[in-house]
Number of protein chains: 2
Amino acid sequence: MSERVVADGERRRRRPTKRGTVLSEALIVETALRLIGEHGAAALTVRRLGTALGADPSALYRYFQDTDDLLLAVADELIGRTLRAWRPSGEWRADLRSLGLRIHADYQAHPQAAVLTCTRVTGRVHEMRSVETILGILRGAGFPDAEAVRIYHVFVDQTLAFAALDATVLTLPKESRILEERTWRERYARLGADTHPHVAATAPTLVAEMGRSAYPAALEMMLAAAEARLRHVRA
Amino acid sequence: MSERVVADGERRRRRPTKRGTVLSEALIVETALRLIGEHGAAALTVRRLGTALGADPSALYRYFQDTDDLLLAVADELIGRTLRAWRPSGEWRADLRSLGLRIHADYQAHPQAAVLTCTRVTGRVHEMRSVETILGILRGAGFPDAEAVRIYHVFVDQTLAFAALDATVLTLPKESRILEERTWRERYARLGADTHPHVAATAPTLVAEMGRSAYPAALEMMLAAAEARLRHVRA
DNA sequence: ACCTTATGACAACGCCGTTGACGCATCGGC
DNA sequence: GCCGATGCGTCAACGGCGTTGTCATAAGGT
């Protein structure tokens with residue numbers, strides 16, 4: 001009984017589909033990312049991906065064990081792209097800021113993959129290099145080892161956690177998101193000052209604030225606390 | 001054409017199902033939580049929930065518009081349980097700290113449900129009371145409205161985001177978690193000081209740190225930044 | 001040019017959420 | 001204690017999903 005899926009490198013024959021496209025692991029992952037980008041996260045189904053490729057959906061199972069396997073490949077590609085495009089400036093706060101915002105933004109662009117990836121330890125080369133990079137930034141800034149490790153942990157998990165949280169919202173069906181926004185606008189804005197005085201007093205600000213991600217603000221607070229800590233350590 | 005779903009309080013007739021159970025919004029939510037806890041988040045489907053209740057799946061649509069509506073009810077019930085047990089101390093930092101840690105801990109106790117629900121805005125009673133409570137803590141501490149709203153947003157999203165992230169790890173099957181951790185240790189141990197000097201220099205601390213949640217540290221950094229901000233505003 | 005076999009196509013299975021029609025049991029009014 | 005209205009549980013069906021077993025066919029090594 002031969003395995004259904006073979007490694008991409010060991011593939012022996014490239015037989016075009018009925019509609020002429022020649023499949024490959026890379027092409028499938030690429031098309032999956034395009035589908036997500038163009039038609040939203042919900043558009044990524046095996047059947048639709050097959051159609052977009054001009055192939056029978058079941059053909060994909062020659063390249064990936066199942067949907068989960070496919071999504072992991074997509075996620076890995078995403079990590080690679082993100083890291084490849086980042087350039088350090090040499091100033092630790094600016095570097096952490098740009099790295100965090102970039103990861104967050106890139107994951108938001110592909111919510112489906114982000115939600116799946118963020119909580120998973122890949123242990124791959126890119127991940128190891130990112131650990132080394134961030135630790136280097138912190139130790140280079142003068143944080144003692146214990147402090148650097150702690151701040152690294154907070155930085156990474158906070159970035160991934162917010163990325164997953166914000167991406168999940170984007171994963172929801174469109175109606176849910178519209179409903180959610182209306183909930184804030186109508187329900188919270190109309191709470192009476194007698195029962196909910198604090199909400200009533202801040203309603204307009206609250207509605208505006210909840211419409212966007214809290215990650216940038218959270219990142220700034222975290223960087224501010226880190227800098228205060230660094231000053232304290234140096235003194 | 002009468003509405004399919006009526007509010008739970010206005011329900012006029014209680015007709016038992018074929019198998020004898022008398023449905024109600026509360027019973028359905030409760031059963032949903034039990035299903036999630038016993039068999040994982042994936043076990044929560046309308047059809048399985050119907051079977052668990054001893055009712056036809058379509059009967060649930062007399063109580064909830066759709067699956068999304070049901071999930072919101074489950075989420076709100078979780079918030080309610082958490083908030084009900086919390087007691088304020090009157091000191092804003094201590095209150096935010098205990099509230100954050102409690103939410104984080106309670107959601108970890110129901111990882112499956114947490115992952116599923118903690119990204120949703122329910123707009124239901126329990127959630128609205130929690131918004132009011134936290135905003136009250138911040139405004140009472142002396143934060144101006146805009147600042148209070150911003151910090152509320154960071155606090156809530158950070159807590160939920162970490163809860164979801166940490167809960168997801170608990171959701172994984174035990175074997176793969178152990179395997180994953182071992183893989184990490186071995187990979188880190190093998191990294192040479194020549195290619196990954198920072199990782200090599202901090203390896204023991206790193207392994208110890210990554211074994212626990214970063215939420216408490218993240219919360220402390222966030223509170224420290226908030227207090228600095230408050231001092232700045234007051235001056 | 002042949003033979004093997006990798007690979008794409010097809011059909012089917014069993015899930016899923018959701019809906020419209022239907023009929024029975026329950027409740028208010030007498 | 002009956003009766004009519006109707007709330008609500010049930011049934012059947014639709015279209016979509018992931019996945020798999022089987023088949024035929026074209027690609028490659030020889």
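The chains referred to below are lettered A, B, ... by the order of the sequence lines, with proteins before strands, and numbering in each begins at 1. When reading the values below, keep in mind they use all heavy atoms of this one structure, side chains included, and skip hydrogens, waters and symmetry mates.
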Quiz item: Is the phosphate of D:dG9, meaning OP1 or OP2, less than 4.0 Å from a side-chain N or O of B:Y63?
Solution: yes
Quiz item: Is the shortest side-chain N/O distance from B:R62 to OP1 or OP2 of D:dT10 below 4.0 Å?
Solution: no
Exercise. Using a 4.0 Å heavy-atom cut-off across all strands, classify B:P57 as base, sugar-phosphate, or nothing.
Key: nothing
Practice problem: Rounded to the nearest 0.5 Å, what's the gap from NE2 on A:H196 to OG1 on B:T133? Could you check? | Solution: 8.0 Å
Quiz prompt | Distance, nearest 0.5 Å, that separates CD of A:E38 from CG of A:L44 | solution = 12.5 Å
Quiz item: Expressed in angstrom and rounded to an integer, what is the separation of A:I28 atom CD1 from C:dG8 atom C1'?
Solution: 12 Å
Quiz item: For B:R19, which contact category applies under a 4.0 Å heavy-atom criterion: base, sugar-phosphate, or nothing?
Solution: nothing
Quiz item: Rounded to whole angstroms, how far apart are CG on B:L23 and C1' on C:dT26?
Solution: 15 Å
Quiz item: For DNA chain C, whose closest nucleotide is more 5', that of B:V46 or that of A:A55?
Solution: A:A55
Quiz item: Out of C:dT19, C:dG8, C:dC16, which has the shortest distance to the side chain of A:T17?
Solution: C:dG8
Quiz item: What nucleotide among D:dG28, C:dT18, C:dC16 has an atom nearest to a side-chain atom of A:R14?
Solution: D:dG28
Quiz item: Going by heavy atoms in the side chains, are A:V131 and B:L206 under 4.5 Å from each other?
Solution: yes
Quiz item: Phosphate oxygens OP1/OP2 of D:dT25: is one of them under 4.0 Å from a side-chain N or O of A:K18?
Solution: no
Quiz item: Hey, what do you get for CD (B:E209) to OH (A:Y152), rounding to the nearest 0.5 Å?
Solution: 10.0 Å
Quiz prompt | Rounded distance (Å) that lies between atom C1' of D:dG18 and atom CG of A:D69 | solution = 14 Å
I'd like a list of close polar pairs between nucleotides 1-5 of chain D and the protein, N/O only, cut-off under 3.5 Å.
none

Exercise. For B:E25 and D:dG9, give me the distance from atom CD to atom P, rounded to whole Å.
Key: 13 Å
Quiz item: Can you tell me if the side-chain N/O atoms of A:T45 get under 4.0 Å from OP1 or OP2 in D:dC17?
Solution: yes
Quiz item: Phosphate oxygens OP1/OP2 of C:dT19: is one of them under 4.0 Å from a side-chain N or O of B:S58?
Solution: no
Self-check item: Whole-Å gap separating C1' (D:dG9) and CG (B:L27)
Solution: 15 Å
Quiz item: CG of A:L60 versus P of D:dT20: gap in Å, rounded?
Solution: 13 Å
Quiz prompt | Residue pair B:Y63 / B:S24, side-chain donor-acceptor N/O under 3.5 Å | solution = no
Quiz item: For B:I151 and B:L138, which heavy atoms make the closest approach, and how far apart are they?
Solution: CG2-CD2, 3.8 Å
Quiz item: Can you tell which of D:dT20, D:dT10, C:dA12 lies closest to the side chain of A:R47?
Solution: C:dA12
Self-check item: Interatomic distance where CG belongs to B:D56 and P belongs to C:dG17 [whole Å]
Solution: 13 Å
Quiz item: Hey, what's the ring geometry for B:Y215 with B:F162, parallel, tilted or perpendicular (30° and 60° as the breaks)?
Solution: tilted
Quiz prompt | Candidate nucleotides C:dG23, C:dT19, C:dC10, ranked by approach to the side chain of B:R15 - the nearest | solution = C:dG23
Self-check item: Expected output: side-chain A:T159 to main-chain A:G100 donor-acceptor under 3.5 Å
Solution: no
Practice problem: Give the rounded distance in Å between these two atoms: CG of A:L71 and C1' of D:dG18. | Solution: 12 Å
